[in-house]
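Have a look at the structure below before the remarks.
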Amino acid sequence: MSEPLKEPGELKRTLGLLDATSIVAGSMIGSGIFVVSTFMARDIGAPGYLLLLWVITGLLTISAALSYGELAGMMPNAGGQYIYIRRAYNPLLAFMYGWTVFTVIQTGVIAAVAVVFANYTAVFFPELNIIVLKLGSFEVSMKQVLSIVSILGLSYVNSQGVRTGKTIQLIFTSAKLFALFALIVLGFAIGLKTNTLSDNFHHMWDASKTWKDPPTGIWNTKTLSGIALLGMLGSTIINSLFSSDAWNNVTFIASEIKNPKKNIPRSLFLGTTIVTVVYILANIAYMALLPLHGDPAAASITGQGIQYAANDRVGAAAASVIFGNTGSYLMAGLIMISTFGCMNGIILAGARLFYAMSKDGLFFKKAGELNKKEVPSFALWIQSGWACVLCLSGTYSDLLTYATFASLLFYILTIAGIFILRKKEPDTERPYKAFGYPFVPAIYLIVATAICVDLLIYQTVNCGFGLLIVLLGIPVYFFAKPGAAKEPDGLIEN
């Protein structure tokens with residue numbers, strides 16, 4: 001049996017419930033809510049189904065968070081989900097999770113969010129679009145340079161102590177929640193004076209898919225029903241799932257949260273519930289301001305509708321209806337704030353998972369060391385280094401699909417682990433028990449598994465590549481730790 005992974009002791013519990021909740025909410029809210037509804041509107045073409053997908057996403061996210069609360073209460077260790085998988089299954093599966101987090105989930109999302117931050121900064125500073133390096137088909141723009149600088153800058157800030165990182169997180173999470181609520185309130189106040197919302201709901205369940213034919217550039221539409229409708233619902237929900245992901249990051253920093261057995265479950269519930277409500281209201285506000293269907297050749301914002309919002313920026317289109325021409329600049333500023341805060345939360349939390357892996361002998365040894373500020377700085381820098389490489393790769397859009405699909409697979413494994421641990425360790429103290437057990441966790445497992453199967457059918461290449469990345473963790477594990485095959489269960493002590 002492997003040696004137990006013990007609480008390191010040097011990490012200090014300095015984060016309260018408010019800090020933990022801001023990490024949950026702040027890590028979830030990035031750029032997705034301002035963009036992905038356009039993709040979903042083209043995929044499904046019906047307001048009723050669009051809102052239904054956001055509701056399902058919210059219920060799935062909250063139910064998963066409530067289930068994780070039991071595991072967080074049992075194991076308030078740095079590393080969070082890595083620890084849960086290791087204890088319920090074995091070191092191999094735990095390593096495969098950590099490997100996937102490092103290669104695509106955490107670093108891929110950091111890179112993607114950094115690029116979005118740079119793209120919206122370019123709205124104010126167009127010179128960022130300048131290409132500074134060109135080698136054949138490989139190009140580096142000033143936007144990519146800015147995305148790398150933002151990652152390195154936030155990694156440095158977080159290397160100076162968890163208090164600095166939590167302050168930034170609290171400020172930016174508060175700012176973007178305030179701005180989103182303002183967008184929602186103004187959206188309702190202005191939109192409900194028109195017939196746009198009621199017009200959108202006249203045919204709320206008439207589903208259709210709209211796509212652009214690459215050779216001709218002509219937009220095509222086909223009606224969806226039956227199996228085709230179910231398939232598209234399961235496929236396009238990956239957009240809202242991506243927008244609602246990263247809520248589990250708070251479990252990575254369990255060793256730095258005060259009273260973690262209570263505060264982690266509470267923060268998971270509060271953070272996911274707040275974001276779910278905001279996302280649903282934001283989508284209703286979009287439909288109060290803009291028609292769902294539009295004309296790609298239309299000159300006006302309302303004529304283009306949600307489906308054909310310029311550059312797929314439905315949030316910017318909605319803001320323009322409210323504020324006029326300045327709306328696009330206001331939205332660009334909001335997305336800059338949102339993505340910057342999102343990056344900070346993910347950078348802060350991710351390093352703690354790699355710290356835990358290092359303590360278990362499954363990551364670079366130096367990643368398990370703390371600097372003078374009691375922060376795993378080497379883990380922060382190696383995380384930021386790979387994220388910067390991904391910023392240059394130009395494949396970050398595909399990485400989002402890989403990351404979301406892989407995340408879903410490990411959410412399923414982790415929640416299934418609740419059932420396993422209830423059987424293996426019936427007498428272990430559980431300060432918090434999964435809400436609605438066994439029904440709520442079981443429903444999550446059924447729905448999430450169905451979505452994964454659907455994604456493999458309808459997005460085979462991207463999801464298949466995501467699965468390949470997960471499976472590549474197997475040979476890497478045995479290379480990293482040759483004696484691992486002799487470790488039968490990988491249980492760890494509380």
Side-chain angles (χ1 to χ4, degrees), residues 28 36 40 43-44 49 52-71 80-82 84-90 92-94 96-101 104-105 226-248 251 268 272 276 400-424 434-474:
M28 290 175 71
V36 300
M40 297 169 74
D43 282 343
I44 212 67
Y49 286 120
L52 178 63
L53 288 176
W54 281 101
V55 170
I56 291 172
T57 296
L59 292 176
L60 280 174
T61 303
I62 293 170
S63 64
L66 289 171
S67 298
Y68 269 51
E70 176 170 320
L71 300 170
Q81 192 169 343
Y82 165 80
Y84 312 157
I85 294 173
R86 188 180 191 277
R87 183 157 172 175
Y89 299 96
N90 52 55
L92 172 58
L93 274 177
M96 289 170 69
Y97 172 66
W99 156 264
T100 310
V101 168
V104 293
I105 294 177
I227 297 299
L229 173 59
L230 287 174
M232 189 51 62
L233 286 169
S235 177
T236 197
I237 199 173
I238 198 169
N239 292 292
S240 50
L241 286 171
F242 162 69
S243 301
S244 301
D245 204 3
W247 53 267
N248 62 323
T251 69
L268 283 167
T272 55
T276 294
L400 295 184
T401 303
Y402 310 154
T404 306
F405 178 74
S407 289
L408 203 55
L409 290 178
F410 284 108
Y411 288 150
I412 292 169
L413 269 177
T414 305
I415 291 176
I418 296 172
F419 293 87
I420 294 171
L421 289 173
R422 287 277 186 113
K423 184 176 181 179
K424 288 170 66 173
F435 175 79
Y437 179 89
F439 302 107
V440 171
I443 291 171
Y444 177 89
L445 293 176
I446 293 169
V447 175
T449 301
I451 291 172
C452 283
V453 172
D454 185 277
L455 287 169
L456 280 171
I457 294 171
Y458 287 89
Q459 297 194 37
T460 306
V461 175
N462 282 344
C463 293
F465 194 80
L467 185 59
L468 177 63
I469 292 172
V470 174
L471 295 176
L472 280 175
I474 297 175

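Just one of I56, V55, T57, T61 meets the side-chain contact (heavy atoms from CB on, under 4.5 Å) condition when paired with L59; it is V55.
Across all their heavy atoms, I105 and S407 have their closest contact at CG2-OG, 3.5 Å. The heavy-atom pair separating L408 from A448 by the smallest distance is CD2-O, 4.0 Å. The heavy-atom pair separating L409 from C452 by the smallest distance is CD2-SG, 3.9 Å. The two residues S67 and A434 come nearest to each other via the heavy atoms CA-CB, 4.0 Å. The two residues A64 and Y444 come nearest to each other via the heavy atoms CB-CE1, 3.7 Å. Pairing each heavy atom of I420 with each of A88, the nearest pair is CG2-O, 3.5 Å.
Here the OH atom belonging to Y84 is positioned 9.0 Å from the OG1 atom belonging to T414, to the nearest 0.5 angstrom. To the nearest 0.5 angstrom, W54 atom CH2 is 10.0 Å from I237 atom CD1. Taking OH from Y49 and CE from M40, the interatomic distance works out to 13.5 Å, rounded to the nearest 0.5 Å. Once rounded to the nearest 0.5 Å, the distance linking CD1 of I415 with CD1 of I443 reads 12.0 Å.
Between the side chain of S235 and the backbone N or O of G231 there is no donor-acceptor pair closer than 3.5 Å. Without hydrogens or angle criteria, Y89 side chain to L413 main chain gives a donor-acceptor distance under 3.5 Å. The backbone N or O of I457 sits less than 3.5 Å from a side-chain atom of T460, completing a donor-acceptor pair.
Put simply, the side chain of L71 does not reach to within 4.5 Å of the side chain of T251, judged on heavy atoms. Looking only at side-chain heavy atoms (C-beta outward), F465 and I469 come within less than 4.5 Å of each other. Considering only heavy atoms from C-beta on, R422 comes within 4.5 Å of Y437 through its side chain.
In summary, the side chains of T236 and N239 do present a donor paired with an acceptor at a separation below 3.5 Å, with no hydrogens or angles considered.
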Worksheet entry | Worked verdict on N462 versus F405 for side-chain contact (heavy atoms from CB on, under 4.5 Å) | CA-CA 9 Å; N462 282 344; F405 178 74; over 6 Å; no

Item to complete: Go through the steps to decide whether L233 and D43 satisfy the test side-chain contact (heavy atoms from CB on, under 4.5 Å), and finish with yes or no.
Response: CA-CA 8 Å; L233 286 169; D43 282 343; over 6 Å; no

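Partners of W247 under the ring-ring contact (aromatic ring centres under 6.0 Å, His included) rule, at least two apart in sequence or in another chain, are Y68, Y411.
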